[in-house]
Amino acid sequence: MSVRLLDTLTGTLQELPPAPYEVKLYVCGITPYSSSHIGHAVPIIVFDALVRYLRYRGYAVRHVTNFTDIDDKLIAAAEAQNTTVKALADKFSDQYLGSLKRLNARPADVYPRATEEISRIVEITQGLIERGYAYESEGDVYYRVRKKDDYGKLSHRKIDDLKSGARIDPTERKEDPLDFALWKGAKPGEPSWDSPFGPGRPGWHIECSAMSYGHLGEQIDIHGGGADLIFPHHENEIAQTEGFTGKAPFAKVWMHNALLQMDSDKMSKSTGNVVDLDAVIDRWGADAIRLFILSSHYRSPLTYSEEALQAAGRGAERMRAAAFATPSGTIPGPDVSGLREQFEGHMDDDLGTAEAIAVLFDLVRLINRERDAGHDTRAMQELLRELAGVLGFGLEAAHGGSRDADPFIDLLVQVRTEMRAAKQWAFSDQIRDGLKELGVELKDSAEGTIWIVSP
RNA sequence: GGCGCCGUGGCCAAGUGGUAAGGCAAGGGUCUGCAAAAUCCUCACCGCCGGUUCGAGUCCGGCCGGCGCCUCCA
């Protein structure tokens, strides 16, 4: 069986061509105008798991993720903070990449920025004008939505259903309220670039058409992003790209992750109802977040809660402990190659990470059981580490805050070990209890004492 | 108003026709100086009502209850 992914546009499972094959993947990135929140971790982790799995399956993957480093929000934020759009965008782009790294996600192969793709944006805009899909209007350029007779196919909307909800902005000079801007004429004080349509800047959706076209070509395999981008962003991208190239489909598979919910309220930058991503990583660790997110299907909405993260943190620690427990025996353990096949079967089926993780925990239990029985668990542990790695688990001990205290903790543990050897139970328990109150948990075993920091 | 999604054990969450994965928590046993960890055992009438079927959490209809998108958002 090969890898199958559900396509938002057709609603059907699409099979990837058999490997070896280069998968062209475009994942919509962020507009870097503020800090990342926990919701951003979802696409980061989901698409990281996808890329890792495809590579594990023998595919080459060319992964492109953009930064939309020019738009209204960025201009407003720069003005409010008395800085430049570029400085602000660079700052939050770097921050995003830092968080991504901390989440143990592999970076994309290319991170194009809208402001570095202006010539291609102009090229596509011009092409759309020539083909009748766009028109100039007093320095702006708009996409003529009604010209594209399949407009709405991705979000499954009829153009006339959209009309009642369309935004009417009196400053815009459109033929139809549904038309959207490809190019916005410059306003005083705003960053702008020269173009055949006059000085200005790109509209919101055109940059992604330009960057996927420029870095991946006219047609791509997978286009991904959050479900909130289906309309209007991706709908408009299709209209732009297919209108420009005359080729369809723009993407063979449209892959959309469901959005993370915040208890009852929607998490959204616009409402301020957000949880800072780096703070969550600090507190729970990358693997806990990853386990939390990949424990459900990427198309099912998840609700963020401290309880859920805590539960995931404990599960991640259990997985890590089994992966690195010292093998205890030499009697051969059972053959576990069937578990690898199960894992692949679930992942092949539209990235069934939840079931794949269940297989991992089956392996965990098997390892612990066989180890207790004095069997050789090395092969199973290797398999666990490999498959956990395919999902992007770093299997590092959760470790909040700085590690400055480590040598002192080690010293205390060492002292306690000697006390235990001398059967000084009261003193050794005092050390253990005291450390526990400070958030350091000790675990004694035949191989010695290990300690972990509990979140 | 238009389009769409969801409702599975204390919590989270898989599962699209054949008598319910997994994680966390809880209770009991084993192990351990004690503890933790580990392991074993226990714990679900799948929102409600009809229908289709030999058989439905899984398909169809209705109802109730949550929610998303339609506007910046991953």
Side-chain angles (χ1 to χ4, degrees), chain A residues 27-31 33-34 36-47 65 71-73 76 96 152 155-158 160-169 204 224-233 235 256-261 264-271 274 277 291-292 294-297 299-303 305 307-319 321-322 325 342 346 352-362 364-373 420 423-426 428-429 432-433 436 441-446 449-452 454:
Chain A
V27 181
C28 270
I30 57 162
T31 300
Y33 71 98
S34 67
S36 295
H37 59 253
I38 178 65
H40 289 113
V42 177
I44 289 174
I45 287 172
V46 165
F47 289 102
T65 287
D71 92 329
D72 295 349
K73 295 186 297 295
Y96 171 87
S155 51
H156 306 111
R157 288 153 209 268
K158 294 186 184 66
D160 292 313
D161 290 341
L162 288 167
K163 193 148 192 185
S164 58
R167 182 180 55 166
I168 313 286
D169 181 342
W204 175 32
D228 53 340
L229 296 177
I230 294 171
F231 189 90
H233 186 58
E235 192 70 60
H256 292 104
N257 62 273
L259 302 189
L260 191 68
Q261 313 293 319
S264 55
D265 261 333
K266 170 188 170 180
M267 164 147 33
S268 163
K269 283 186 185 176
S270 58
T271 59
V274 296
L277 178 56
L291 183 58
F292 166 66
L294 296 182
S295 284
S296 83
H297 188 81
R299 284 184 183 269
S300 300
L302 255 184
T303 302
S305 73
E307 294 72 30
L309 263 293
Q310 185 170 38
R314 289 183 183 154
E317 168 55 24
R318 181 155 164 257
M319 191 191 295
Q342 285 180 33
H346 291 130
T353 54
E355 297 99 321
I357 285 172
V359 172
L360 257 36
F361 277 102
D362 287 341
V364 166
R365 192 181 318 103
L366 191 65
I367 288 166
N368 289 327
R369 189 194 299 155
E370 293 298 312
R371 188 166 164 277
D372 284 354
R420 289 184 67 224
K423 297 195 191 296
Q424 296 286 323
W425 307 127
S428 55
D429 287 355
R432 184 177 62 202
D433 295 345
K436 181 158 192 180
E441 201 168 343
L442 301 192
K443 300 175 184 181
D444 299 325
S445 74
T449 301
I450 61 163
W451 57 270
I452 59 168
S454 39

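Fair warning: this is a prediction, and the values are worked out from it, not measured in the lab. Each chain gets a letter, A, B and so on, in the order the sequences are listed, and its residues count up from 1.
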Any A/L291 side-chain heavy atom under 4.5 Å of A/F361 side chain = yes

Kindly compute the distance separating CD1 (A/I367) from CE (A/M319), expressed to the nearest 0.5 Å.
-> 10.0 Å

Contact class for A/R365 vs. all strands (heavy atom < 4.0 Å): base, sugar-phosphate, or nothing?
-> sugar-phosphate

Table of protein N/O atoms under 3.5 Å from nucleotides 10-16 of chain B N/O atoms:
{"unit_1": "B/rA13", "atom_1": "O2'", "unit_2": "A/S295", "atom_2": "O", "d": "3.0"}
{"unit_1": "B/rA14", "atom_1": "OP1", "unit_2": "A/H297", "atom_2": "N", "d": "2.8"}
{"unit_1": "B/rA14", "atom_1": "OP1", "unit_2": "A/S300", "atom_2": "OG", "d": "3.3"}
{"unit_1": "B/rA14", "atom_1": "O3'", "unit_2": "A/E355", "atom_2": "OE2", "d": "3.3"}
{"unit_1": "B/rA14", "atom_1": "O2'", "unit_2": "A/E355", "atom_2": "OE1", "d": "3.4"}
{"unit_1": "B/rA14", "atom_1": "O2'", "unit_2": "A/E355", "atom_2": "OE2", "d": "3.1"}

Presence of donor-acceptor pair under 3.5 Å, side chain of A/D429 and base of B/rG33 = yes

Looking at every strand, decide which applies to A/N368 at a 4.0 Å heavy-atom threshold: base, sugar-phosphate, or nothing.
-> sugar-phosphate

By the Watson-Crick or G-U definition, both distances under 3.5 Å, B/rA21 is matched with none

Side-chain N or O of A/R371 closer than 4.0 Å to phosphate OP1/OP2 of B/rU39 | no

A/F292 and A/I38, any side-chain heavy atoms less than 4.5 Å apart | no

Considering heavy-atom distances to RNA chain B, does A/A227 or A/R299 have its closest nucleotide positioned more toward the 5' end?
-> A/R299

How would you label the contact of A/D362 with the nucleic acid (heavy atoms, under 4.0 Å): base, sugar-phosphate, or nothing?
-> sugar-phosphate

A/N257 side chain: which of B/rA74, B/rC67, B/rC70 is closest?
-> B/rA74

Using the P atom as the reference point in each nucleotide, state the distance between B/rC45 and B/rU8 in Å, no decimals.
-> 13 Å

Quick one: does A/R318 reach the base of B/rG23 with a side-chain donor-acceptor pair under 3.5 Å?
-> no

Separation between OG (A/S155) and NE2 (A/H233), nearest 0.5 Å, reads 13.0 Å

Separation of the P atoms in B/rA37 and B/rA25, to the nearest angstrom = 8 Å

Quick note, A/K443 side chain, CB onward, closest among B/rA36, B/rG22, B/rG33 is B/rA36

Nucleotide of B/rC72, B/rA74, B/rG33 approaching A/K73 most closely (side-chain heavy atoms) | B/rC72

Name the pairing partner of B/rU42, where a pair is Watson-Crick or G-U wobble with both distances under 3.5 Å, or state none.
-> B/rA26

Partner nucleotide of B/rG9 by Watson-Crick or wobble geometry (both distances under 3.5 Å) | none

Sticking with atom P, work out how far B/rG15 lies from B/rG7, rounded to a whole angstrom.
-> 10 Å

For B/rU16, give its Watson-Crick or G-U wobble partner with both distances under 3.5 Å, or none.
-> none

For the side chain of A/F361, counting heavy atoms from C-beta on, which of B/rG23, B/rG33, B/rA74 is nearest?
-> B/rG23

Can you tell me how far the CD atom of A/Q342 sits from the CG atom of A/D362, to the nearest 0.5 Å?
-> 7.0 Å

Which of these nucleotides, B/rG2, B/rG22, B/rA35, is closest to any side-chain atom of A/A358?
-> B/rG22

Return the nucleotide paired to B/rG50: Watson-Crick means purine N1 to pyrimidine N3 with N6-O4 or O6-N4, wobble means G-U with N1-O2 and O6-N3, both under 3.5 Å.
-> B/rC60

Of the listed nucleotides B/rG33, B/rC72, B/rC24, the one nearest the side chain of A/R314 = B/rC24

Base, sugar-phosphate, or nothing: which does A/R369 touch, judged by heavy atoms less than 4.0 Å apart?
-> sugar-phosphate

For B/rC59 and B/rC46, measure between their P atoms and round to the nearest Å.
-> 15 Å

5' precedence on RNA chain B between A/G315 and A/G226 (nearest-nucleotide basis) | A/G315

In whole angstrom, give me the gap between the P atoms of B/rU32 and B/rG27.
-> 22 Å

Distance, C1' atom - from B/rC11 to B/rC3, rounded to whole angstrom | 32 Å

P atoms of B/rC5 and B/rU58, separation to the nearest Å | 16 Å

Looking for any heavy atom pair under 4.0 Å, which part of the strands does A/L229 touch: base, sugar-phosphate only, or nothing?
-> sugar-phosphate

Electrostatic pair A/D429-A/R432, nearest N-O below 4.0 angstrom | yes

Watson-Crick/G-U partner (both atom distances under 3.5 Å) of B/rG68 | B/rC3

Can you name the nearest heavy-atom pair linking A/A356 to A/H346, along with the distance?
-> N-CB, 4.1 Å

Is A/W425 stacked on the base of B/rG33, meaning ring centres closer than 5.5 Å and planes within 30 degrees of each other?
-> yes

So, do A/Y33 and A/D71 sit near enough that their side-chain heavy atoms are less than 4.5 Å apart?
-> no

Span that lies between the P atom of B/rG57 and that of B/rG1, in whole angstrom = 33 Å

Tell me what A/G352 touches on the nucleic acid: a base, only sugar-phosphate, or nothing, going by heavy atoms under 4.0 Å.
-> nothing

